[in-house]
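Taking it in order: structure first as structure tokens, then the write-up.
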Amino acid sequence: MSNSGKTFVVEHLDPELEAWSSLEYATIAAESHSSGAKFLLSSVPTTLKLPENLQHVQGLAVETRGIEEIYADKKDKVCLLDPAASKDLSPEDGDTFDIFLFGGILGDDPPRDRTSELRKKGYQGRRLGPVQMTTDTAVRVTRIIVQDRTPVDKIPFVDHPEIKINKNESTQMPFRYVKGNDGQPIMPEGMVELISKDSEKNLIDELF
């Protein structure tokens, strides 16, 4: 069985799509496309209008149906990435599973266990280690494990990095990221700017 050509599915469990989610989804789509994988956003409400940056992105398929309906005949090929699973994802899981399912929103802090809604559906679960990740990081790590055949303990991570907002301020991110070649956490393009804008907005809200 080929290890490329996997399908990564984010079951979108929110009536809206926040700006940071759209940056994460655009990144997942681009990385999936360039690695020969597919990215599917499922359970998207018909009332949800996709933001501009996702409307023409390569590598993204959008479905209003949920995972159960789409892959009704392939349940045993679906692996749910579940922080509460007892077993870590391994490169060998790439031989067993074709579809890797993520319960958006993974990047909640504190985690709200949105995955429990999918867990109840009886999919086999695997975890990605003990530290909370953003959705794009979780997909990236899964792809590195099952397509590049790199065990999770061989992936370089940065935990809870400090992001510089301006020369006087920084904010600590409560997540684990993959470390890039430059030693910095890999984040979606535009994410640091968005975090800075949000921090400034919160500061202004506090002041007034």
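Reckoned from all heavy atoms, side chains included, excluding hydrogens, waters and symmetry mates. We count residues from 1, following the sequence as given.
- A tilted orientation is assigned to the rings of Phe102 and Phe8, their planes being inclined by 30° to 60°.
- Atom OG of Ser22 sits about 11.0 Å away from atom CD of Gln55, to the nearest 0.5 Å.
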**OP:** Go through Tyr25 and His12 one step at a time and tell me if the side chain to side chain contact (heavy atoms under 4.5 Å, CB included) criterion holds.
**Re:** CA-CA 11 Å; Tyr25 291 168; His12 186 76; 2.9 Å; yes

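- At least one side-chain heavy atom of Glu24 sits under 4.5 Å from a side-chain heavy atom of Met191.
- Enclosure of atom CG in Asp153 by more than 12 non-hydrogen atoms of other residues, nucleotides or ligands within 6.0 angstrom is indicated.
- Taking the charged nitrogens against the carboxylate oxygens, Lys87 and Asp82 have no contact shorter than 4.0 Å, which rules out a salt bridge.
- Partners of Thr150 by side chain to side chain donor-acceptor pair (under 3.5 Å), not counting sequence neighbours: none found.
- Of all the heavy atoms in Leu101 and Val78, the pair that sits closest is CB-CG1, 4.0 Å.
- Inter-residue side-chain proximity for Leu89 and Cys79 is flagged as met; some heavy-atom pair is nearer than 4.5 Å.
- Identified under the salt bridge (charged side-chain N to carboxylate O under 4.0 Å, His left out) test for residues 170-179, with sequence neighbours left out: Asp159-Arg176.
- Taken to the nearest 0.5 Å, the CD atom of Gln124 stands 4.0 Å off from the CZ atom of Phe97.
- Looking at heavy atoms from C-beta onward, Ile186 lies out of side-chain contact with Thr137 at the 4.5 angstrom threshold.
- For the pair Leu54/Val62, no side-chain contact is recorded, criterion being any heavy-atom separation below 4.5 Å from C-beta on.
- Leu128 and Val158 fall into different hydrophobic clusters, where Ile, Leu, Val, Met, Phe, Trp and Tyr are joined by side-chain heavy atoms under 4.5 Å apart, directly or via other members.
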**OP:** Begin with the C-alpha distance, continue with both residues' side-chain angles, and end with the deciding distance and a verdict on side chain to side chain contact (heavy atoms under 4.5 Å, CB included) for Glu63 and Leu41.
**Re:** CA-CA 6 Å; Glu63 266 279 5; Leu41 205 50; over 6 Å; no

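- For the atom pair CD1 of Ile67 and OG of Ser42, the computed distance is 5.5 Å after rounding to the nearest 0.5 Å.
- Heavy-atom neighbours of Gln172 CD from other residues, nucleotides or ligands within 6.0 Å: above the threshold of 12.
- Minimum heavy-atom separation, Ser34 to Glu31: OG-O, 3.2 Å.
- Contact record, Thr134 with Tyr177: CG2-OH, 3.8 Å, taken as the closest heavy-atom pair.
- Looking only at side-chain heavy atoms (C-beta outward), Phe175 and Met133 stay at 4.5 Å or farther from each other.
- Atom CD of Glu16 has 12 or fewer neighbouring heavy atoms from other residues, nucleotides or ligands inside a 6.0 Å radius.
- Put simply, the side chain of Leu80 does not reach to within 4.5 Å of the side chain of Arg126, judged on heavy atoms.
- Within the 4.5 Å cutoff, no side-chain heavy atoms of Leu23 are placed close to those of Glu189.
- For the residue pair Thr171/Glu162, the side-chain donor-acceptor check at 3.5 Å is not satisfied.
- Considering Val44, Leu40, Thr135, Asp136 in turn, Thr135 is the only one that fulfils the side chain to side chain contact (heavy atoms under 4.5 Å, CB included) rule with Val10.
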**OP:** Run the numbers on Met173 and Ile195 for side chain to side chain contact (heavy atoms under 4.5 Å, CB included), then give the verdict.
**Re:** CA-CA 10 Å; Met173 302 304 288; Ile195 293 163; 3.6 Å; yes

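- Between atom CG of residue Asp93 and atom CD1 of residue Ile145 there is a gap of 8.5 Å, rounded to the nearest 0.5 Å.
- Here the side chains of Ile144 and Arg140 are in contact, with some heavy-atom distance below 4.5 Å.
- The pair Arg143-Asp148 does not meet the salt-bridge criterion, since no charged nitrogen lies less than 4.0 angstrom from a carboxylate oxygen.
- With hydrogens and angles left out, the side-chain atoms of Glu11 and Ser43 include a donor and acceptor closer than 3.5 Å.
- When all heavy atoms of Tyr71 and Val9 are compared, the closest pair comes out as CE1-CG2, 4.0 Å.
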Original post:
Could you go step by step and tell me if Phe39 and Thr7 meet the side chain to side chain contact (heavy atoms under 4.5 Å, CB included) rule?
Top reply: CA-CA 6 Å; Phe39 173 41; Thr7 301; over 6 Å; no

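- In the displayed structure, Lys164 atom NZ is contacted under 6.0 Å by more than 12 heavy atoms of other residues, nucleotides or ligands.
- Between Asp98 and Lys6 there is a salt bridge, since a side-chain N of the basic residue sits under 4.0 Å from a carboxylate O of the acidic one.
- Atom NE2 in His33 sits 11.5 Å away from atom CG in Leu60 (nearest 0.5 Å).
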